[in-house]
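Worksheet for the structure shown next.
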Amino acid sequence: MIIESILLVDDESLFHLVFEDACSILDITLTLQSVSSADEAENMFRDWHKNPEKESSKPEVVFVDLNIIGSSFDGIELIRRINYQYGNGVIIGIISSSSDQLEMTKAVSAGAQFWIVKSDDIEPRLEEFKRDYNLYKSRTAPFKIYK
C-alpha cells in the first residue's frame with residue numbers, strides 16, 4: 001500500500017533527510033513534503049481550507065515533531081489546530097524522540113492517531129506504520145506507539 005502524500009513537520013533538517021531516505025527505501029509515498037515549523041504547516045492547512053480547489057494537494061498523513069524549535073506553538077497544538085480547524089480526515093500523529101506518557105495523553109486528546117519514537121533507524125517503525133495504514137485510513141486503528 002502506497003500513501004499518496006505525506007507531510008513531515010520537524011525542525012531538524014538532518015531528520016528530514018533520514019525520513020525521506022526511509023520513505024524511499026520502503027516505497028511508502030508518492031509525494032513527501034517537509035516543513036520546519038508548525039506555523040508553516042498551519043499556513044499550508046489554512047490555505048487548503050480556504051481554497052477548496054487546492055484541497056487535492058493536502059497530505060493524507062502528517063507526521064509532527066513534538067517540540068518544533070522556532071515555532072510559535074508545539075506539535076500537539078498543531079495537531080489540535082489541524083484536526084479541529086482545517087484537517088477533516090487527515091491521518092496525523094507525533095514523531096518524536098520523547099516517549100513521555102503525559103505528552104502522549106495530550107497528543108491523543110488533540111486527536112493524534114499514532115506516536116512514532118524517532119531514531120536514526122526509523123525504517124522499522126515506518127514499515128510497521130505502512131502495514132497499519134489501511135486501519136488508519138478506515139478510522140479503525142486504535143492509538144498506537146511505534147518503538
>> Donor-acceptor check, side chain of Asp100 to backbone of Glu103, threshold 3.5 angstrom: yes or no?
In response: yes
> For the residue pair Lys147 and Arg125, what are the closest heavy atoms and their distance?
Replying inline: C-NE, 3.2 Å
>> Between Glu42 and Gln85, is the side-chain contact (heavy atoms from CB on, under 4.5 Å) condition met? List the steps.
In response: CA-CA 10 Å; Glu42 183 184 31; Gln85 295 176 21; 4.2 Å; yes
> For the residue pair Val9 and Ser37, what are the closest heavy atoms and their distance?
Replying inline: CG1-O, 3.7 Å
>> Is the positively charged end of Arg81 above the ring of Tyr86, judged by distance under 6.0 angstrom from the centroid and angle within 45° of the axis?
In response: no
>> Do Leu135 and Tyr133 sit in one hydrophobic cluster, given that two such residues count as connected whenever their side-chain heavy atoms are within less than 4.5 Å of each other, even indirectly?
In response: no
>> For the NZ atom of Lys118 and the CG atom of Leu66, what is their distance to the nearest 0.5 Å?
In response: 9.0 Å
> Among the clusters formed by ILVMFWY side chains lying less than 4.5 Å apart, do Ile25 and Ile28 turn up in the same one?
Replying inline: no
>> Holding to salt bridge (charged side-chain N to carboxylate O under 4.0 Å, His left out), I want the full list of residues that pass it with Glu127, two or more places apart in sequence or in another chain.
In response: none
> Are Leu126 and Phe63 side-chain neighbours, meaning at least one heavy-atom pair lies under 4.5 Å?
Replying inline: yes
>> Let me confirm one number: the NZ-CD distance from Lys106 to Gln101, rounded to the nearest 0.5 Å.
In response: 12.5 Å
> Which residues pass the side-chain hydrogen bond (donor to acceptor under 3.5 Å, both in side chains) test with Ser13, sequence neighbours left out?
Replying inline: none
> Can Asp11 and Ser36 be said to form a side-chain hydrogen bond (donor to acceptor under 3.5 Å, both in side chains), step by step?
Replying inline: CA-CA 4 Å; Asp11 61 325; Ser36 298; over 6 Å; no
> Between Ile3 and Phe129, does a side-chain contact (heavy atoms from CB on, under 4.5 Å) hold up when you go through it step by step?
Replying inline: CA-CA 11 Å; Ile3 302 166; Phe129 176 83; 3.8 Å; yes
> Are Leu78 and Phe45 close enough, and set up right, to give a side-chain contact (heavy atoms from CB on, under 4.5 Å), and what steps lead you there?
Replying inline: CA-CA 10 Å; Leu78 176 62; Phe45 273 92; 5.8 Å; no
>> Under a 3.5 Å distance rule, please check whether Ser5 uses its side chain to pair with a backbone N or O of Glu60 as donor and acceptor.
In response: yes
>> Going by the rule side-chain contact (heavy atoms from CB on, under 4.5 Å), which residues pair with Asn134 if we only count those two or more places apart in sequence or in a different chain?
In response: Met1
> Of the non-hydrogen atoms in Val117 and Ser99, which two are nearest, and what is the gap between them?
Replying inline: CG2-CB, 4.3 Å
>> Tell me the closest heavy-atom pair linking Ser57 and Trp48, and the distance in Å.
In response: OG-NE1, 2.7 Å
Listing, residues 107-116 side-chain donor-acceptor contacts under 3.5 Å, not counting sequence neighbours, or none:
unit_1	atom_1	unit_2	atom_2	d
Ser109	OG	Thr105	O	3.2
Gln113	OE1	Ile92	N	2.9
Gln113	OE1	Arg139	NH1	3.4
Trp115	NE1	Ser98	O	2.9

> What residues form a salt bridge (charged side-chain N to carboxylate O under 4.0 Å, His left out) with Lys144, not counting sequence neighbours?
Replying inline: Glu128, Asp132
>> Using 0.5 Å steps for rounding, measure from the CG atom of Leu8 to the CG atom of Leu32.
In response: 6.5 Å
>> If you compare all heavy atoms of Met44 against all heavy atoms of Val35, which two are closest, and at what distance to 0.1 Å?
In response: SD-CG1, 3.6 Å
>> Using every non-hydrogen atom in the two residues, find where Ile6 and Pro59 come nearest and quote the distance to one decimal.
In response: C-CB, 4.0 Å
Can you list, pair by pair, the side-chain donor-acceptor contacts under 3.5 Å of residues 14-23, counting residues two or more places apart and other chains?
unit_1	atom_1	unit_2	atom_2	d
His16	ND1	Ser34	OG	3.4
His16	NE2	Asp10	O	2.6

